[in-house]
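Have a look at the structure below before the remarks.
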Amino acid sequence: MSSELKLIPIAILCAVLSVVGHIILSSLFSNASWLEYTAAFIPLLMIIIVYFAFQFAAKNDDR
């Protein structure tokens, strides 16, 4: 399995996290106590995922 194919699930995970972040910020969950912490944690988690994905890609660079 090539390194590019290993990064596809990471990209899908980031897209899903983005969608989930928009859903939890909708008015449907406006009175939930966990909303503020979850909404703050999603971008941090995405930054951490992208950081490790860049490290993985740099390690597997074939140039």
Side-chain angles (χ1 to χ4, degrees):
M1 186 174 197
S2 70
S3 60
E4 291 89 3
L5 291 177
K6 291 179 183 177
L7 290 174
I8 289 175
I10 303 237
I12 292 171
L13 176 66
C14 286
V16 168
L17 283 173
S18 180
V19 170
V20 167
H22 282 87
I23 290 173
I24 66 169
L25 289 175
S26 69
S27 61
L28 182 65
F29 298 109
S30 62
N31 56 0
S33 60
W34 54 269
L35 178 72
E36 187 175 336
Y37 299 109
T38 306
F41 182 70
I42 288 176
L44 177 65
L45 182 62
M46 289 173 70
I47 289 170
I48 292 169
I49 288 171
V50 168
Y51 173 76
F52 285 113
F54 274 123
Q55 282 189 339
F56 176 79
K59 184 179 75 170
N60 292 315
D61 191 16
D62 293 334
R63 283 194 245 170

Which residues pass the side chain to side chain contact (heavy atoms under 4.5 Å, CB included) test with Leu17, not counting sequence neighbours? Leu13, Ile42, Leu45, Met46, Ile49
Partner residues of Ala39 under the side chain to side chain contact (heavy atoms under 4.5 Å, CB included) criterion, sequence neighbours left out: Ile24, Leu25
Ignoring hydrogens and angles, tell me if any N or O in the side chain of Ser18 forms a donor-acceptor pair with the backbone of Cys14 under 3.5 Å. no
Of all residues at least two apart in sequence or in a different chain, which pass the side chain to side chain contact (heavy atoms under 4.5 Å, CB included) check with Phe56? Ser3, Lys6, Leu7, Asn60
Under 4.5 Å between side-chain heavy atoms, chaining through other members, with only Ile, Leu, Val, Met, Phe, Trp and Tyr counted: pull out the rest of the cluster around Ile47, sorted by chain and number. none
Kindly give the cluster partners of Val50, where membership spreads through any ILVMFWY side chain lying under 4.5 Å from a current member. Phe54
Hits for side chain to side chain contact (heavy atoms under 4.5 Å, CB included) against Phe52, two or more places apart or cross-chain, chain-then-number order -> Ile48, Gln55
Does one hydrophobic cluster hold both Tyr37 and Val20, with members joined at side-chain heavy-atom distances below 4.5 Å? no
